[in-house]
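Report on the structure given below.
We use all heavy atoms of the structure for the numbers below, so side chains are in, but hydrogens, waters and symmetry mates are not. Letters A, B, ... mirror the listed sequences (proteins, then strands); counts begin at 1. Nothing here was measured: the structure is a model prediction, and the numbers come from that model.
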Protein chains: 2
Amino acid sequence: MALWKTVGNSTLDGVSRVADLDASKLTITLSETLKPIPPRDTWLFGNIMTDHMVVAEFDPETGWSNPEIKPRGPLSLDPASSCVQYGTTVFEGMKAYIGPDGKPRLFRPDMNMARLARSAERMALPPFNIDQVLVLIKQLITVDRRWIPSSSGYSLYIRPTLMGTRMGLSVAASDHATLCIFLSPAGPYFRSGVKAISALAVADTVRAWPGGTGGHKVALNYSPGFLPLRVAQKQGYEQILWLLGDDMKVTEAGAMNIFIVVKRDDGEINLLTPPLDGTILPGVTRDSVLALAKAHAAGEIILPGLQQTLRIHAQERTFTMDDLWRWSADGRLLEAFGAGTAVIIASIGKIGFKSREDIILAEHEDGLGPLANAFRTTILDIQEGKEAWKDWGVLVDEL
Amino acid sequence: MALWKTVGNSTLDGVSRVADLDASKLTITLSETLKPIPPRDTWLFGNIMTDHMVVAEFDPETGWSNPEIKPRGPLSLDPASSCVQYGTTVFEGMKAYIGPDGKPRLFRPDMNMARLARSAERMALPPFNIDQVLVLIKQLITVDRRWIPSSSGYSLYIRPTLMGTRMGLSVAASDHATLCIFLSPAGPYFRSGVKAISALAVADTVRAWPGGTGGHKVALNYSPGFLPLRVAQKQGYEQILWLLGDDMKVTEAGAMNIFIVVKRDDGEINLLTPPLDGTILPGVTRDSVLALAKAHAAGEIILPGLQQTLRIHAQERTFTMDDLWRWSADGRLLEAFGAGTAVIIASIGKIGFKSREDIILAEHEDGLGPLANAFRTTILDIQEGKEAWKDWGVLVDEL
């Protein structure tokens with residue numbers, strides 16, 4: 001029986017000597033028949049699953065069970081399980097890539113693991129050793145390695161999920177949990193090349209609120225947006241631009257962080273994204289865009305297609321719909337794009353709001369503006385191991 | 001194939017001719033061995049389940065499956081199910097009682113069914129015929145009738161649950177769903193008679209906000225409160241009093257609606273509860289308290305223990321922590337209580353907030369103030385069939 005590795009909470013006061021999650025105790029049961037990998041043109045985001053999954057269960061009397069890799073399939077969940085009844089699920093989104101050296105690699109997985117621990121704490125779920133979760137992810141990728149596509153823009157999406165499994169209706173924390181990690185092969189976000197998406201700005205329905213859970217990656221942040229998304233799509237928009245407050249602060253775009261590029265009076269460029277005030281998901285791609293922009297400004301890197309002399313001022317700063325309308329009218333709104341693990345970078349070409357005229361952004365030949373393209377290319381090159389940058393690329397066989 | 005019964009949404013545009021939920025197609029498979037009913041002193045809220053459950057599944061190609069009553073047990077759910085990954089569950093809480101005539105009965109089930117339909121619409125889940133859900137609830141109660149306790153204050157808690165079951169990770173509405181109804185015998189909310197609870201007022205964490213889902217009975221409203229509840233309990237409080245906004249509007253108490261009783265300058269009494277502005281759950285008990293208070297004021301009913309001449313002014317009105325402090329200091333805050341299906345009425349005896357001195361409410365011999373007691377007694381009498389009031393009591397055998 002091991003002591004808990006502290007993950008920043010005090011969830012298990014008084015029961016600190018139950019078993020921690022331990023990847024060295026992993027048992028592997030391989031599927032007797034492996035699935036054929038479906039043709040790539042049938043891959044939608046997260047609709048095809050690989051052969052295996054990781055499962056480990058937490059019981060408050062005994063702690064974490066020995067983790068298993070086993071054939072992927074449904075879980076047996078009581079209908080009174082906490083995750084079903086009260087939404088106690090947290091998750092992560094990550095990707096594995098095959099590098100030019102033929103080795104699978106991850107992108108900044110430490111950020112995902114830290115966020116997973118914070119999300120679990122926010123949902124009062126049992127704690128776990130995040131290093132062991134990462135080892136289990138690597139083990140699963142190794143077992144299902146044949147599913148990692150080798151073409152550029154293709155990857156293996158990873159969904160570590162921690163769900164509350166206490167059986168019972170009392171409105172309180174789940175003292176049982178299941179960790180389940182599964183994989184899904186992913187193509188480029190857009191079928192026919194990269195194209196700009198349209199977004200409807202929505203203020204009546206609010207994604208996240210100060211004192212809410214918007215700053216954590218928890219299941220329950222997503223479903224409240226499904227109905228407004230359906231309404232927006234009926235109006236011809238592909239995603240929602242989430243606004244907050246009477247001043248209509250811009251917060252996120254669909255399930256992505258948002259960036260805008262604004263031309264300054266002095267001819268230099270502001271790259272703006274809302275600050276992490278608790279309503280914004282601390283995205284790994286968001287953080288990477290900010291870091292690369294600052295590295296470019298500092299002369300540490302030259303982003304492709306941009307002049308080294310182009311001064312980019314990356315700022316985490318609140319901006320509103322009024323700002324967008326004003327900057328658009330003044331011809332200063334150069335680009336808008338979403339950033340997230342699934343899409344990497346998605347250009348936004350049109351922003352609607354109620355009966356007002358749409359904001360139309362400049363079209364670009366390849367669908368992405370110069371900054372959006374520079375960030376997408378650079379991040380993808382690092383993810384695919386074509387370029388190295390700091391410790392962002394992590395080889396899977398480094399176990 | 002039947003047309004949809006409209007439940008107020010347009011979810012199924014273009015596929016309006018798939019099968020609706022149809023209780024006449026119910027199949028019943030009884031459990032081979034029935035569980036012994038555990039001793040009542042082992043019943044905690046929602047920890048003991050009866051022998052059977054209702055299950056019906058929605059598929060977008062074929063519509064609702066024929067509903068089944070079958071032995072209660074776990075469901076087979078893919079870990080990528082919408083309800084697990086994105087929190088797409090809605091539910092209801094209801095109770096069945098045995099009346100003096102020996103017949104099981106429900107309390108205002110029409111209100112629960114209408115709210116279930118609204119909740120499903122809010123989560124963009126498939127629609128269903130609410131009358132058929134009620135028939136299925138009655139069928140299940142009839143099958144598990146031996147579980148309905150006959151002692152006063154005991155009942156059979158009913159949890160109709162609709163969960164999104166689409167397998168896939170795309171961040172959009174679930175076009176598959178499972179309706180699962182199950183039952184749990186329930187004792188009085190407090191073990192040792194009725195006693196007042198303590199509540200810690202919390203402003204840093206927010207239960208619900210304008211544009212959020214607080215006005216619907218959706219799974220995801222509950223888990224964000226688990227961590228703050230744990231913190232409050234460590235500070236010695238039993239529940240949370242949820243505040244909203246810079247002016248600290250009082251919204252709900254734990255998972256209950258809140259009422260306060262305030263003495264007016266003219267000696268009459270204000271019964272206040274926050275208005276249904278979208279952040280407040282439209283509770284059935286809440287509605288019943290308001291209706292009974294108005295009936296008392298109109299002379300249509302005399303609430304037990306209260307003088308008919310006592311003028312009660314029931315008002316749905318915003319009030320803040322500052323109001324509570326002021327009214328408490330002036331000796332005008334006579335009672336505070338929570339109202340909900342599980343607890344019926346729970347007196348609040350103490351309200352804390354950060355380092356401020358607790359608000360202490362007057363103690364009463366039986367744990368409930370005069371109004372709290374009057375509402376609890378009357379509602380319980382109607383629920384248990386000892387009194388009839390309007391169409392609130394509904395016999396289960398009226399199929």
Measure distances from [X] to the heavy atoms of chain B and classify the residue's part below 4.5 Å as side chain, backbone, both or neither.
| X | value |
| --- | --- |
| A/Arg166 | neither |
| A/Ala208 | backbone |
| A/Thr161 | side chain |
| A/Arg159 | side chain |

Are A/Tyr237 and A/Phe353 an aromatic pair, judged by ring center distance below 6.0 Å? no

Are A/Phe91 and B/Tyr86 close enough that their ring centers fall under 6.0 Å? yes

Taken in chain and number order and not counting sequence neighbours, the residues that satisfy salt bridge (charged side-chain N to carboxylate O under 4.0 Å, His left out) with A/Asp277 are none

Carboxylate-amine/guanidinium proximity below 4.0 Å for B/Lys35 and B/Asp144: no

Quickly, which of A/Thr89, A/Leu125, A/Leu162, A/Val218 forms a side chain to side chain contact (heavy atoms under 4.5 Å, CB included) with A/Ser119? Name it, please. A/Val218

Which one, [options], leads in non-hydrogen pairs under 4.5 Å with chain A?
| options | answer |
| --- | --- |
| B/Ser174, B/Ser170, B/Cys83, B/Gly93 | B/Ser170 |
| B/Val90, B/Val171, B/Asn47 | B/Val171 |
| B/Leu77, B/Thr205, B/Thr178 | B/Leu77 |
| B/Leu75, B/Asp78, B/Asn221 | B/Leu75 |
| B/Ala172, B/Ser81, B/Gly164 | B/Ala172 |

Sequence neighbours excluded, which residues qualify as side chain to side chain donor-acceptor pair (under 3.5 Å) partners of A/Asp51? A/Arg146, A/Trp147

Most chain B-contacting option - heavy-atom pairs closer than 4.5 Å, from [options]:
| options | result |
| --- | --- |
| A/Gly73, A/Ser82, A/Pro74 | A/Pro74 |
| A/Met167, A/Arg122, A/Met123, A/Arg207 | A/Arg122 |
| A/Gly212, A/Pro210, A/Ala219 | A/Ala219 |
| A/Gly87, A/Cys180, A/Pro79, A/Ala80 | A/Pro79 |

Can you find a heavy atom in the side chain of B/Leu179 that is under 4.5 Å from one in the side chain of B/Val55? no

Return yes if a side-chain donor-acceptor contact under 3.5 Å exists between B/Ser198 and B/Glu238, otherwise no. yes

Under a 3.5 Å threshold, yes or no: a donor from one side chain and an acceptor from the other, between B/Thr279 and B/Thr251? no

Can you tell which part of [X] gets under 4.5 Å to a heavy atom of chain A, answering side chain, backbone, both or neither?
| X | answer |
| --- | --- |
| B/Ile48 | neither |
| B/Pro228 | side chain |
| B/Thr213 | side chain |
| B/Leu229 | side chain |

Donor-acceptor pair, side chain of A/Glu252 and main chain of A/Leu281, under 3.5 angstrom: yes

Donor-acceptor pair, distance only, cut-off 3.5 Å: does the side chain of B/Lys95 make one with the backbone of B/Thr341? yes

